[in-house]
Amino acid sequence: MGKEQWQWLQSGTAWRGVGVYHITLTVPSRQPLMGRLVIPDGNPSQARVERTELGRLLLDCQRSIPVYHPEIQILQYCLMPDHLHTVW
């Protein structure tokens with residue numbers, strides 16, 4: 001089976017014009033390399049992700065994008081142990 005290609009990745013259709021983009025970066029092996037899920041006292045309402053060094057560096061790099069490309073604004077992000085969601 002060949003690599004599936006999404007419509008927005010087809011030639012001439014991706015990343016055009018002003019808009020809001022949801023981007024997800026994923027660790028290919030799905031290993032929790034970006035953070036560690038912590039649930040204090042077993043209370044899921046207090047769950048959080050503690051960033052690893054890789055997770056911290058990834059967020060630092062992402063935050064620097066508007067410095068080099070002021071036309072891009074980071075509106076929101078959510079770091080998970082094995083992936084990062086970002087809205088630009």
Side-chain angles (χ1 to χ4, degrees):
M1 182 166 97
K3 183 178 178 182
E4 182 178 351
Q5 186 165 4
W6 295 85
Q7 180 180 358
W8 54 270
L9 289 177
Q10 292 175 357
S11 177
T13 62
W15 309 100
R16 300 276 182 203
V18 175
V20 176
Y21 295 91
H22 176 228
I23 299 162
T24 301
L25 301 174
T26 306
V27 175
S29 62
R30 301 300 289 211
Q31 293 178 338
L33 301 178
M34 297 181 201
R36 183 175 70 89
L37 180 62
V38 176
I39 304 174
D41 303 320
N43 183 348
S45 69
Q46 296 180 356
R48 67 179 188 279
V49 173
E50 286 185 354
R51 300 171 188 157
T52 62
E53 182 68 10
L54 177 62
R56 188 187 63 73
L57 291 171
L58 180 62
L59 291 176
D60 287 348
C61 182
Q62 176 180 262
R63 286 186 199 110
S64 74
I65 291 172
V67 172
Y68 301 101
H69 299 280
E71 68 277 14
I72 296 175
Q73 296 178 20
I74 307 299
L75 301 176
Q76 191 62 265
Y77 67 88
C78 181
L79 182 72
M80 304 301 284
D82 63 347
H83 64 283
L84 171 66
H85 294 290
T86 305
V87 178
W88 289 2

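Atom set for the values below is all heavy atoms of this structure, side chains included, hydrogens, waters and symmetry mates excluded.
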Tell me whether [X] shares a hydrophobic cluster with [Y], the cluster being built from Ile, Leu, Val, Met, Phe, Trp, Tyr side chains joined at under 4.5 Å.
| X | Y | result |
| --- | --- | --- |
| L37 | M34 | no |
| V87 | I72 | no |
| V27 | V49 | no |
| L59 | I74 | yes |

Specify the closest pair of heavy atoms between P40 and Q46, including all atoms of both residues, with the distance to one decimal.
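So the two residues come closest at CD-O, 3.3 Å.
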Closest heavy-atom contact between G35 and P81?
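G35 and P81 have their closest heavy atoms at O-CB, 3.3 Å.
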E71 side chain near W88 side chain, heavy-atom distance below 4.5 Å
no
Side-chain heavy atoms of T52 within contact of L33, under 4.5 Å:
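No; the side chains remain at least 4.5 Å from each other.
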List the residues meeting side-chain contact (heavy atoms from CB on, under 4.5 Å) with S45, not counting sequence neighbours, and say none if there are none.
N43
Considering residues at least two apart in sequence or located in another chain, which fulfil the side-chain contact (heavy atoms from CB on, under 4.5 Å) criterion with L25?
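By the side-chain contact (heavy atoms from CB on, under 4.5 Å) rule, L25 matches I23, L58, L84.
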If you count heavy atoms of other groups shown closer than 6.0 angstrom to CD of E50, is the number above 12?
yes
In Å, rounded to the nearest 0.5 Å, how long is the span from NE2 of H22 to OG1 of T86?
7.5 Å
Distance in Å, E53 CD paired with D60 CG, rounded so as to fall on 0.5 Å steps
8.5 Å
Do any pairs count as a ring pair (Phe, Tyr, Trp, His ring centres under 6.0 Å) and have a residue in residues 55-79, sequence neighbours left out, and if so which ones?
none
